Protein chains: 2
Amino acid sequence: MKKTRNTQKQDFVIDILTNAKHTMSVEAILKAMPIKVNKTTVYRILERFAEKGKVHFVTGEDGKAYYALCNDCNIKHEMHNHIHFQCKSCKKVTCLPYEIDVPELKNFEIQETQFLMIGICDMCIS
Amino acid sequence: MKKTRNTQKQDFVIDILTNAKHTMSVEAILKAMPIKVNKTTVYRILERFAEKGKVHFVTGEDGKAYYALCNDCNIKHEMHNHIHFQCKSCKKVTCLPYEIDVPELKNFEIQETQFLMIGICDMCIS
DNA sequence: GTATTATTGCAACATTGTTGCTTTAGTGTA
DNA sequence: TACACTAAAGCAACAATGTTGCAATAATAC
């Protein structure tokens with residue numbers, strides 16, 4: 001296992017994701033940063049956290065990656081079988097408390113799952 | 001309903017997707033074209049077909065859009081509740097014959113679904 | 001304090017997709 | 001067939017997201 005260091009910027013990313021009510025794009029995380037941080041830094045912080053299982057991400061319909069803290073992942077081979085919802089109005093991607101039963105696929109090795117539903121969220125539907 | 005025209009290039013796109021064993025990126029479709037076609041043209045052809053329900057697309061983990069012919073869609077509000085599988089080895093995205101039971105979400109308007117599983121496909125697992 | 005090296009910053013780049021505008025070419029009508 | 005209309009295609013420039021290599025900075029161990 002590679003050695004790691006604790007840095008203020010990593011802590012800020014964790015703080016931001018902890019307080020987030022929905023998954024966040026890198027752009028959104030950058031804007032939420034209380035200090036100036038380079039985008040490459042945020043990409044690499046998230047990359048490291050994803051490897052460690054601290055965060056997970058979904059790819060939105062828009063092709064952008066959206067990150068969220070992992071609440072109950074095991075460190076390795078974590079599966080994220082809950083559903084994400086992307087709102088076409090406010091663009092936010094939310095983790096929903098629904099689990100999907102993943103079918104067993106013979107001769108396929110499943111490493112990750114991304115279940116995304118797209119439409120209008122409860123906040124925007126009014 | 002807007003008038004449409006039949007063109008050779010549109011036909012080629014349909015031919016290519018018909019013969020495809022898996023979903024295709026715009027880049028792959030361009031390469032498969034027997035004649036030179038501008039990428040904007042392919043994007044717009046696919047956009048029109050998606051509106052008409054002739055094709056559907058999934059966004060891969062890589063953020064790219066992958067297109068496939070629709071076999072049994074109704075023209076409007078089509079739902080594509082089958083699973084797609086993206087292979088990390090060969091990068092191909094395949095439509096799998098599994099349907100997902102979509103939960104009812106109160107106060108959410110669900111317009112589309114994208115269920116993606118990521119790993120190693122049966123051709124690459126050897 | 002000093003050495004080591006993980007982390008960050010910077011600049012340049014790659015890729016995917018989009019936009020505005022002009023040109024080309026299907027289609028209907030005479 | 002000739003013409004008008006306009007959908008479709010082409011082109012160039014752009015935007016957004018994400019990546020890479022390398023130099024600078026700073027966290028940790030000694």
Side-chain angles (χ1 to χ4, degrees), chain A residues 1-16 23-52 54-68 86 88 91-93 114 116 118, chain B residues 1-17 23-52 54-68 86 88 91-93 112 114 116 118:
Chain A
M1 192 71 156
K2 218 180 181 183
K3 278 179 194 168
T4 56
R5 292 175 184 174
N6 291 323
T7 67
Q8 195 191 27
K9 289 165 192 186
Q10 288 177 146
D11 290 346
F12 280 141
V13 171
I14 294 293
D15 286 350
I16 289 165
T23 66
M24 294 183 81
S25 65
V26 171
E27 192 197 6
I29 294 170
L30 272 171
K31 279 187 190 162
M33 276 285 180
I35 54 172
K36 195 172 171 291
V37 183
N38 190 278
K39 66 173 179 171
T40 308
T41 301
V42 173
Y43 276 108
R44 294 206 255 231
I45 287 174
L46 291 167
E47 190 179 50
R48 291 194 299 267
F49 284 173
E51 272 172 19
K52 282 196 233 165
K54 273 195 182 181
V55 305
H56 71 277
F57 75 95
V58 236
T59 309
E61 193 206 21
D62 53 14
K64 288 164 67 174
Y66 290 86
Y67 292 83
Q86 181 167 37
K88 284 197 172 176
K91 312 293 181 194
K92 286 177 185 164
V93 177
Q114 294 200 353
L116 184 66
I118 299 124
Chain B
M1 193 71 158
K2 219 179 182 182
K3 277 179 196 169
T4 56
R5 290 174 187 177
N6 292 324
T7 67
Q8 196 191 25
K9 291 167 190 185
Q10 289 177 146
D11 291 345
F12 280 141
V13 171
I14 293 293
D15 287 349
I16 289 166
L17 289 179
T23 65
M24 295 183 81
S25 65
V26 170
E27 191 196 7
I29 294 169
L30 272 170
K31 279 187 188 161
M33 277 282 179
I35 54 173
K36 195 173 169 293
V37 184
N38 190 279
K39 67 172 179 171
T40 307
T41 301
V42 173
Y43 276 107
R44 286 178 181 156
I45 287 174
L46 290 167
E47 189 180 50
R48 290 195 298 269
F49 285 172
E51 271 173 20
K52 281 195 234 165
K54 274 194 180 180
V55 305
H56 71 277
F57 74 95
V58 235
T59 308
E61 194 206 20
D62 53 13
K64 288 165 66 175
Y66 290 86
Y67 292 82
Q86 180 168 37
K88 284 197 173 177
K91 312 293 180 194
K92 285 174 186 166
V93 178
E112 297 166 52
Q114 295 200 353
L116 184 66
I118 299 125

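These numbers were taken from a predicted model, which means no experiment stands behind them. Because only heavy atoms are used, hydrogens play no part in the values below, and waters and symmetry mates are left out as well, while side chains stay in. Every chain is numbered from 1, with letters handed out A, B, ... down the list of sequences.
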Any donor-acceptor pair under 3.5 Å between the side chain of B/Arg44 and the base of D/dG10? yes
Any chance the side chains of A/Gln10 and A/Arg48 put a donor and an acceptor closer than 3.5 Å? yes
Among C/dG9, D/dT6, D/dA9, which nucleotide has an atom closest to any side-chain atom of A/Thr41? C/dG9
Contact nearer the 5' end of DNA chain C, comparing B/Asn6 with A/Asn6: A/Asn6
Nucleotide nearest A/Lys3 when distance is taken to its side chain, options C/dG9, D/dA8, C/dA6: C/dA6
Closest to side chain of A/Asn38, choosing from C/dC10, C/dT8, C/dA6: C/dC10
Any B/Thr40 side-chain nitrogen or oxygen under 4.0 Å from OP1 or OP2 of D/dG10: no
Side chain of B/Lys64: nearest nucleotide among C/dT7, C/dG17, D/dA8? C/dG17
Quick check for you: among D/dG10, C/dT4, C/dC10, whose closest atom lies nearest to any side-chain atom of A/Arg5? C/dT4
With a 4.0 Å cut-off, would you call A/Glu27 and A/Lys39 a salt bridge? no
Of the options C/dT7, C/dG9, D/dA8, whose atoms approach the side-chain atoms of B/Thr7 most closely? D/dA8
Quick check for you: among C/dT16, D/dA9, D/dG18, whose closest atom lies nearest to any side-chain atom of B/Lys9? D/dA9
Is there a donor N/O on one and an acceptor N/O on the other, under 3.5 Å, for the side chain of A/Arg48 and the base of C/dT7? no
Per the atom types in the model, does the base of C/dG17 pair as donor or acceptor with the side chain of B/Lys39 at under 3.5 Å? yes
Identify whether the distance between the nearest side-chain nitrogen and carboxylate oxygen of B/Lys91 and B/Glu61 falls below 4.0 Å. no
Have a look at B/Thr4 and say if it touches a base, only the backbone sugar-phosphate, or nothing, with a 4.0 Å heavy-atom cut-off. sugar-phosphate
